[in-house]
Amino acid sequence: MDERNNDFDFDFMPIGQAIKKARTAQGMTREQLARIVDYDPRHLQAIENEGQHPSLELFIQLVTMFDVSVDEYIFPNKEVNKSSVRRRLDAQLDNLDDKELSVIEATVNGLCKAKE
């Protein structure tokens with residue numbers, strides 16, 4: 001008799017929302033993504049907005065393409081080195097020159113002072 005636990009109920013909604021956020025941050029439409037990954041835009045919408053579980057192949061493709069860290073969602077009680085947002089921000093900062101980085105630094109300093 002098969003005694004495996006098949007009652008696995010993982011809420012995919014937060015990961016789907018992270019994928020959507022990363023996609024829109026890149027200025028990519030769902031239709032553009034659908035052409036790249038060869039899936040129907042409605043299927044991608046269900047993943048992003050309804051928490052539908054994608055195939056493993058599509059899951060890996062999406063989180064890799066958008067640099068989404070899944071650790072923070074799969075292990076929510078474990079401290080994550082860098083969240084998806086921080087990793088995307090790091091990548092964007094790498095594209096800025098020192099003058100542009102100075103503007104970002106001043107903005108962050110202002111935000112930190114406002115929190116105090």
Side-chain angles (χ1 to χ4, degrees):
M1 181 170 172
D2 188 354
E3 295 183 16
R4 289 180 287 183
N5 182 359
N6 291 324
D7 294 331
F8 180 71
D9 188 28
F10 179 76
D11 181 11
F12 195 81
M13 182 72 77
I15 298 176
Q17 289 291 300
I19 291 168
K20 179 179 181 177
K21 186 174 183 177
R23 175 183 58 75
T24 58
Q26 288 188 14
M28 183 183 295
T29 66
R30 194 174 292 120
E31 289 72 22
Q32 290 169 322
L33 176 59
R35 285 192 295 274
I36 293 168
V37 296
D38 197 27
Y39 278 86
D40 190 279
R42 290 175 298 196
H43 181 60
L44 297 174
Q45 178 182 2
I47 292 167
E48 291 179 347
N49 296 331
E50 300 165 20
Q52 181 174 329
H53 294 219
S55 67
L56 182 58
E57 175 186 355
L58 180 57
F59 174 73
I60 292 171
Q61 194 172 11
L62 292 173
V63 298
T64 302
M65 179 184 298
F66 296 116
D67 199 23
V68 173
S69 173
V70 296
D71 284 2
E72 62 190 288
Y73 305 104
I74 295 175
F75 306 108
N77 297 327
K78 189 174 183 180
E79 188 173 325
V80 178
N81 289 339
K82 287 189 176 183
S83 69
S84 297
V85 173
R86 185 171 297 273
R87 290 176 11 167
R88 284 193 305 273
L89 184 57
D90 283 347
Q92 291 175 328
L93 291 174
D94 288 341
N95 295 322
L96 301 178
D97 62 29
D98 282 347
K99 185 176 180 182
E100 295 163 330
L101 287 171
S102 294
V103 172
I104 301 298
E105 182 180 28
T107 303
V108 171
N109 286 339
L111 288 171
C112 289
K113 287 180 183 177
K115 286 179 70 174
E116 294 173 355

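Counting from 1, the numbers follow the sequence of the chain as shown.
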Undergrad: In chain order, what residues pass the ring-ring contact (aromatic ring centres under 6.0 Å, His included) check against Phe66, with sequence neighbours excluded?
TA: none
Undergrad: What pairs meet the ring-ring contact (aromatic ring centres under 6.0 Å, His included) rule with one or both residues in residues 83-103, with sequence neighbours excluded?
TA: none
Undergrad: List in chain and number order the residues that pass side-chain contact (heavy atoms from CB on, under 4.5 Å) with Asp97, two or more places apart in sequence or in another chain; answer none if no residue qualifies.
TA: Lys99, Glu100
Undergrad: Run the side-chain contact (heavy atoms from CB on, under 4.5 Å) test against Asp38 and tell me which residues pass, sequence neighbours left out.
TA: none
Undergrad: Would you compute the distance between atom CD1 of Ile19 and atom CG of Leu44 and round it to the nearest 0.5 angstrom?
TA: 9.0 Å
Undergrad: Using a 3.5 Å cut-off and no angle test, enumerate the donor-acceptor pairs between side-chain atoms of residues 104-116 and protein atoms at least two apart in sequence or in another chain.
TA:
{"unit_1": "Thr107", "atom_1": "OG1", "unit_2": "Val103", "atom_2": "O", "d": "2.9"}
{"unit_1": "Asn109", "atom_1": "ND2", "unit_2": "Glu105", "atom_2": "O", "d": "3.4"}

Undergrad: Taking side-chain contact (heavy atoms from CB on, under 4.5 Å) as the test, write out the residues that go with Ile60, two or more places apart.
TA: Leu56, Thr64
Undergrad: Kindly write out the residues that satisfy side-chain hydrogen bond (donor to acceptor under 3.5 Å, both in side chains) with Gln92, not counting sequence neighbours, or none if the list is empty.
TA: none
Undergrad: Going by the ring-ring contact (aromatic ring centres under 6.0 Å, His included) test, which pairs reach into residues 23-47, not counting sequence neighbours?
TA: Tyr39-His43
Undergrad: So Met13 and Asn49, do their side chains get closer than 4.5 Å, heavy atoms only?
TA: no
Undergrad: How far apart are the C-alpha atoms of Leu101 and Leu93, what are their side-chain angles, what is the distance that settles it, and do they pass the side-chain contact (heavy atoms from CB on, under 4.5 Å) test?
TA: CA-CA 7 Å; Leu101 287 171; Leu93 291 174; 3.8 Å; yes
Undergrad: Over all heavy atoms of both residues, which pair between Ile36 and Met65 is shortest? Give the atoms and the distance, please.
TA: CG2-CE, 3.6 Å
Undergrad: Could you name each residue pair satisfying salt bridge (Lys or Arg N to Asp or Glu O under 4.0 Å) that touches residues 50-61, not counting sequence neighbours?
TA: none
Undergrad: Of all residues at least two apart in sequence or in a different chain, which pass the side-chain hydrogen bond (donor to acceptor under 3.5 Å, both in side chains) check with Thr24?
TA: none
Undergrad: Any chance you could measure Ile47, atom CD1, to Ser55, atom OG, to the nearest 0.5 Å?
TA: 7.5 Å
Undergrad: Above 12 or not: heavy atoms from other molecules or residues under 6.0 Å from CG of Asp94?
TA: yes
Undergrad: Over 60° means perpendicular and under 30° means parallel, so tell me whether Phe12 and Phe59 are parallel, tilted or perpendicular.
TA: perpendicular
Undergrad: Could you list the residues that satisfy side-chain hydrogen bond (donor to acceptor under 3.5 Å, both in side chains) with Gln45, not counting sequence neighbours?
TA: none
Undergrad: Mind checking the CG-CG spacing from Asp90 to Asn95? Nearest 0.5 Å is all I need.
TA: 11.5 Å
Undergrad: Can you pull out every salt bridge (Lys or Arg N to Asp or Glu O under 4.0 Å) where at least one residue sits in residues 27-36? Sequence neighbours excluded, please.
TA: Arg30-Glu48
Undergrad: Return the CG to CD distance between Leu33 and Gln26, rounded to the nearest 0.5 Å.
TA: 9.5 Å
